[in-house]
Amino acid sequence: MNETTAKALPRIPEDQSDQESSKKFQLVTSSTVSVLVHTVIILVLAVITVDLQKFQEFDLVALPPRPVEDDPPVEVELEPEIQVVPPETASLFSAAPAPTNMSAGAATTPVLDQTLVAKAEMSDLQIAAPTMGIPDSMALIEAIPDAKVKGEARDIVDNYQQALDRLAQELLWMLDEGPVLAIWCFDQSNSMKDDQKEIRDRIESVYQQLGLDGRSRGNALWTAVTSYGQGFVDHTAHKPTPNLDQIRAAIDAVPIDESGLEMMCSAVGRTINTYRDISRRGRQMALILVTDESGERINNDAYLEEAIEIAKAANCKVYVLGRESVFGYPYAFIRWRHPQTNRVHWLRIDRGPETGFPEQLQTNGFRRRHDAFGSGFGPYEQTRLARETNAIFFMLPSVETDLVRATKVKYDMEALRPYRPDLRARMEVLTDRKEFPLRALIWQVIQDLNPYQEKSKNVVEMRMDFSLDPQEFVQQARQEQAKAKQQLQYMARAEQSLIEGKKLRDQEADPRWQANYDLVLAQLVAYQARIYEYGVALDAFMANPKTAPQTRGDRVLHDWDIHTVKQVRTEEAKPYIDRARSMFAEIQEEHPGSPWAARAKWELDRGFGVDLRPQYDLPYKNVPNAMAPPKL
């Protein structure tokens, strides 16, 4: 039974001092209504009990362990020009003669199709419908509608102190209406230990602002602490407290979950259900979720909507202290050097996207993205939780240490207003897709070029590092040139489909989807130029191998890496580059102050040419039984 239904039921009269002539009638009416009301309440409580049972006796979903990913290759952006190693540098290939097939193809006669789109087969696109992140249950269609004003999907703060000050104000408003139960719910990832310590040290300021410090504590505000990773822990053991020392001790007890799994949505539902009986005794409930990740996708898909319904049924507001999501991409990466082997690993974390389904390409043109380009909004699940429960998502804008390719842009908040993400339930958005053909087309292109979509025949990832051995280099280069041709052909067809859908773009009223169309199309044009230059650069290297010293300071040469640069090698790519530059410039002009404009500038700054550069790093060590990289 939702709140609206409850309010619609007739109330039992309380004033029994009416005239004697109406007493008998009122008693009969009161008895009848009382029986009806209590019957309805019993039935509804039974239904709610069934719905909440899975959270009351919840067995966490067991996900398979994440595979240890290979070290991602290094791709350096913003190189000003191609730098040729001086001829006097000792050649790495001088010890052994270069294979004859190294000079078989000259740089002026690349193996790739030199006419790019002109020779690409323009058959109709056959693209699978998007499946990334679709919930398994049709029960997740939408939240129960209500008449309340929605909460704030985003409130940008500079640090935790600002967030806690604002949170204190929210709790103060709640205390004006009666006693409050505040529940802190922390994620157990290793990356959150510093955040937990800072909140622990600053939480006293919240109590002081509320006048509930050690001098006048009282029972107006009780606090509980829970945490989650692969499992769930209630650190206050169903005994909320106003005692600051006990609260600090509970926060200190939050463990580090080595599994790297974060069952966020099920933890929210279980936390509320654990303490709901206390709220039924007359306390308002507020849950403060503290996390730097968006949680496991499988768990979110299964439990997001149910967590929202449980929060609504308990009249619990869900405040979130979280990070900015990556623009149109589910992940970010943390740089970590192995203390035993010296190898650098990029550890994947869940950090987005800001929408229910990705609305941007998942590739950077060569392979899967490895950037942390900010979207201006929080992760979809967290912002939806806050909005639907009439609370706030507090976005901490600071860039974490060792975040790979962090691109921090401060967007104009007023300019972003027309580009707000769709925070409806995923199934509602998916069901609506057929009503918006432009959105369906863009989703299809994104999915068909998605490196995480294993079933797609068009997904190829280009090699970004090449062997120092000449024979092995040639073998790798020829394989990559064949893949590059395949990539060119698909991108050409995808571009043509988007161009043919231009009329759909003109009919689309949402500025967000207009910008999505503009950026994806411009990127497809730019990526074709870069892929072509990639193939030509490999051919040029085989025809005229570069040289480089074996060491540079305390670092040694490991391989040849692909870099994007300003200078281009061919005339064939220049028409594409000119078009891409013009399109990116139009995006910056039409969508100023937005992530689309910032991303367009970033693409321009990357350069359109490709070169191979020597890659130096600390000497790698072969350590038997070396420790596995951590899971964040």
Practice task
For the pair R463 (side chain) and D465 (backbone), establish whether a donor and an acceptor sit closer than 3.5 Å, ignoring hydrogens and angles.
Solution key: yes
Handout entry: Shortest non-hydrogen contact from R384 toward L423
Key = NH1-O, 2.6 Å
Problem - Heavy-atom pair with the smallest gap, counting every atom of G501 and L438 - result: O-CD1, 4.3 Å
Practice task
Check whether any side-chain heavy atom of M464 lies under 4.5 Å from a side-chain heavy atom of R367, and answer yes or no.
Solution key: yes
Problem - Donor-acceptor pair, side chain of S582 and main chain of R579, under 3.5 angstrom - result: no
Exercise for the section: Any chance you could lay out the salt bridge (Lys or Arg N to Asp or Glu O under 4.0 Å) test for D539 and R478, step after step, and finish with the verdict? Expected result: CA-CA 9 Å; D539 217 52; R478 294 304 187 197; 3.2 Å; yes
Fill in the blank from the handout: Applying ring pair (Phe, Tyr, Trp, His ring centres under 6.0 Å) to F608 and not counting sequence neighbours gives none
Exercise for the section: Decide yes or no for M413 and Y411: does some side-chain heavy atom of the first lie under 4.5 Å from some side-chain heavy atom of the second? Expected result: yes
Practice task
Flag this pair as yes if the NZ/CZ of R599 is under 6.0 angstrom from the six-membered ring centre of W602 and inside a 45 degree cone about the axis; otherwise no.
Solution key: yes
Handout entry: Results of side chain to side chain donor-acceptor pair (under 3.5 Å) for R555 - residues two or more places apart only
Key = D617
Exercise for the section: Walk me through it: do Y490 and E495 pass the test side-chain hydrogen bond (donor to acceptor under 3.5 Å, both in side chains)? Expected result: CA-CA 8 Å; Y490 175 74; E495 178 203 352; over 6 Å; no
Problem - Polar side-chain atom of Q475 near backbone of Q471 as donor-acceptor pair, under 3.5 Å - result: no
Practice task
Report the residues that fulfil side chain to side chain donor-acceptor pair (under 3.5 Å) with Q476, sequence neighbours left out, ordered by chain and then residue number.
Solution key: E472
Handout entry: Set of residues satisfying ring pair (Phe, Tyr, Trp, His ring centres under 6.0 Å) with respect to Y616, sequence neighbours excluded
Key = none
Exercise for the section: Could you list the residues that satisfy side chain to side chain donor-acceptor pair (under 3.5 Å) with Q382, not counting sequence neighbours? Expected result: none
Fill in the blank from the handout: Scanning both residues in full, the closest heavy-atom pair of N342 with P619 reads ND2-O, 3.1 Å
Exercise for the section: Please round to the nearest 0.5 Å and tell me the distance separating atom CZ of R348 and atom CH2 of W346. Expected result: 14.5 Å
Completion exercise
For P595 and S375 the tightest heavy-atom approach is CG-O, 3.2 Å
Problem - Main-chain N/O of L347 paired with H345 side-chain donor or acceptor, under 3.5 Å - result: no
Exercise for the section: Can you sort out the partners of K621 under salt bridge (charged side-chain N to carboxylate O under 4.0 Å, His left out), two or more places apart, ordered by chain and number? Expected result: none
Practice task
Could you tell me whether the side chain of Q523 reaches within less than 4.5 Å of the side chain of R530, counting heavy atoms only?
Solution key: no
Problem - Polar side-chain atom of Q453 near backbone of Q447 as donor-acceptor pair, under 3.5 Å - result: no
Fill in the blank from the handout: Sequence neighbours excluded, the answer for side chain to side chain donor-acceptor pair (under 3.5 Å) partners of S191 is S189, D292
Exercise for the section: Could you tell me whether D506 atom CG has more than 12 heavy atoms of other residues or ligands within 6.0 Å of it? Expected result: yes
Practice task
Would you kindly check if the NZ (Lys) or CZ (Arg) of R368 is within the cone defined by 45 degrees around the ring axis of Y452 and under 6.0 Å from the six-membered ring centre?
Solution key: yes
Problem - Backbone N/O of T570 and side chain of E533: donor-acceptor pair under 3.5 Å - result: yes
Exercise for the section: Compute the centroid of each ring, for Y329 and then for Y331, and state whether the two points are separated by less than 6.0 Å. Expected result: yes
Problem - Any R606 side-chain heavy atom under 4.5 Å of N364 side chain - result: yes
Exercise for the section: Measure across D561 and H563 and return the closest heavy-atom pair with its distance rounded to 0.1 Å. Expected result: O-CD2, 3.2 Å
Problem - Gap separating the NZ atom of K631 from the CD1 atom of I349, nearest 0.5 angstrom - result: 16.0 Å
Practice task
Go through the structure and list residues passing side chain to side chain contact (heavy atoms under 4.5 Å, CB included) with K601, not counting sequence neighbours.
Solution key: Q588, D605
Completion exercise
In terms of heavy-atom contacts, R323 and M395 come closest through C-CG, 4.2 Å
Handout entry: Charged tip of R420 within 45° of F377 ring normal and under 6.0 Å
Key = no
Practice task
Give a yes-or-no answer on whether the side chains of Q360 and N516 include a donor-acceptor pair shorter than 3.5 Å.
Solution key: yes
Problem - Minimum side-chain heavy-atom gap I298-E296 below 4.5 Å - result: no
Exercise for the section: Keeping the roles fixed (side chain from K483, backbone from E461), state whether a donor-acceptor pair exists under 3.5 Å. Expected result: yes
Exercise for the section: Quick one: do R505 and E500 satisfy salt bridge (Lys or Arg N to Asp or Glu O under 4.0 Å)? Show the steps, please. Expected result: CA-CA 10 Å; R505 194 271 188 208; E500 293 173 356; over 6 Å; no
Practice task
List in chain and number order the residues that pass side chain to side chain contact (heavy atoms under 4.5 Å, CB included) with D510, two or more places apart in sequence or in another chain; answer none if no residue qualifies.
Solution key: R439, E508, R512, W513
Problem - Donor-acceptor contact below 3.5 Å, side chain H558 vs main chain L618 - result: yes
Practice task
Answer yes or no: is there a side-chain heavy-atom contact under 4.5 Å between Q507 and F436?
Solution key: no
Fill in the blank from the handout: So CZ of F466 and CD of Q615: to nearest 0.5 Å the spacing works out to 14.0 Å
Exercise for the section: Could you tell me whether the side chain of V610 reaches within less than 4.5 Å of the side chain of F366, counting heavy atoms only? Expected result: yes
Exercise for the section: Using modelled atom types only, decide if a donor and an acceptor are shared between the side chain of R426 and the backbone of G356 within a distance under 3.5 Å. Expected result: yes
Practice task
Output all residues satisfying ring pair (Phe, Tyr, Trp, His ring centres under 6.0 Å) with F584, sequence neighbours left out; order by chain, then residue number.
Solution key: none
Exercise for the section: Could you tell me how the ring of F327 sits relative to the ring of F373: parallel (under 30°), tilted (30 to 60°) or perpendicular (over 60°)? Expected result: tilted
Practice task
For residues V568 and K574, determine if any side-chain heavy atom of one lies less than 4.5 Å from a side-chain heavy atom of the other.
Solution key: yes
Exercise for the section: Using a strict 4.0 Å threshold on nitrogen-to-oxygen distance, state whether K546 and D611 make a salt bridge. Expected result: yes
Exercise for the section: Could you tell me which residues satisfy side chain to side chain contact (heavy atoms under 4.5 Å, CB included) with P353, sequence neighbours excluded, listed by chain and number? Expected result: R297, P330, T355, P358
Exercise for the section: Mind checking the CD-CH2 spacing from E359 to W596? Nearest 0.5 Å is all I need. Expected result: 7.5 Å
Practice task
Take N450 and Q362, measure what side-chain hydrogen bond (donor to acceptor under 3.5 Å, both in side chains) needs, and give me the verdict at the end.
Solution key: CA-CA 5 Å; N450 185 357; Q362 306 299 285; 5.2 Å; no
Fill in the blank from the handout: Distance col, row D518:CG vs E586:CD, nearest 0.5 angstrom, shows 8.0 Å
Exercise for the section: Assert yes or no for the condition that the ring centre distance of F473 to F541 is strictly below 6.0 Å. Expected result: yes
Practice task
Taking Y517 for its side chain and L498 for its backbone only, find out whether a donor-acceptor pair lies under 3.5 Å.
Solution key: yes
Practice task
Could you list the residues that satisfy salt bridge (charged side-chain N to carboxylate O under 4.0 Å, His left out) with R424, not counting sequence neighbours?
Solution key: D422, E428, D432
Completion exercise
Between the CZ atom in R351 and the OG atom in S325, the distance rounded to the nearest 0.5 Å is 9.0 Å
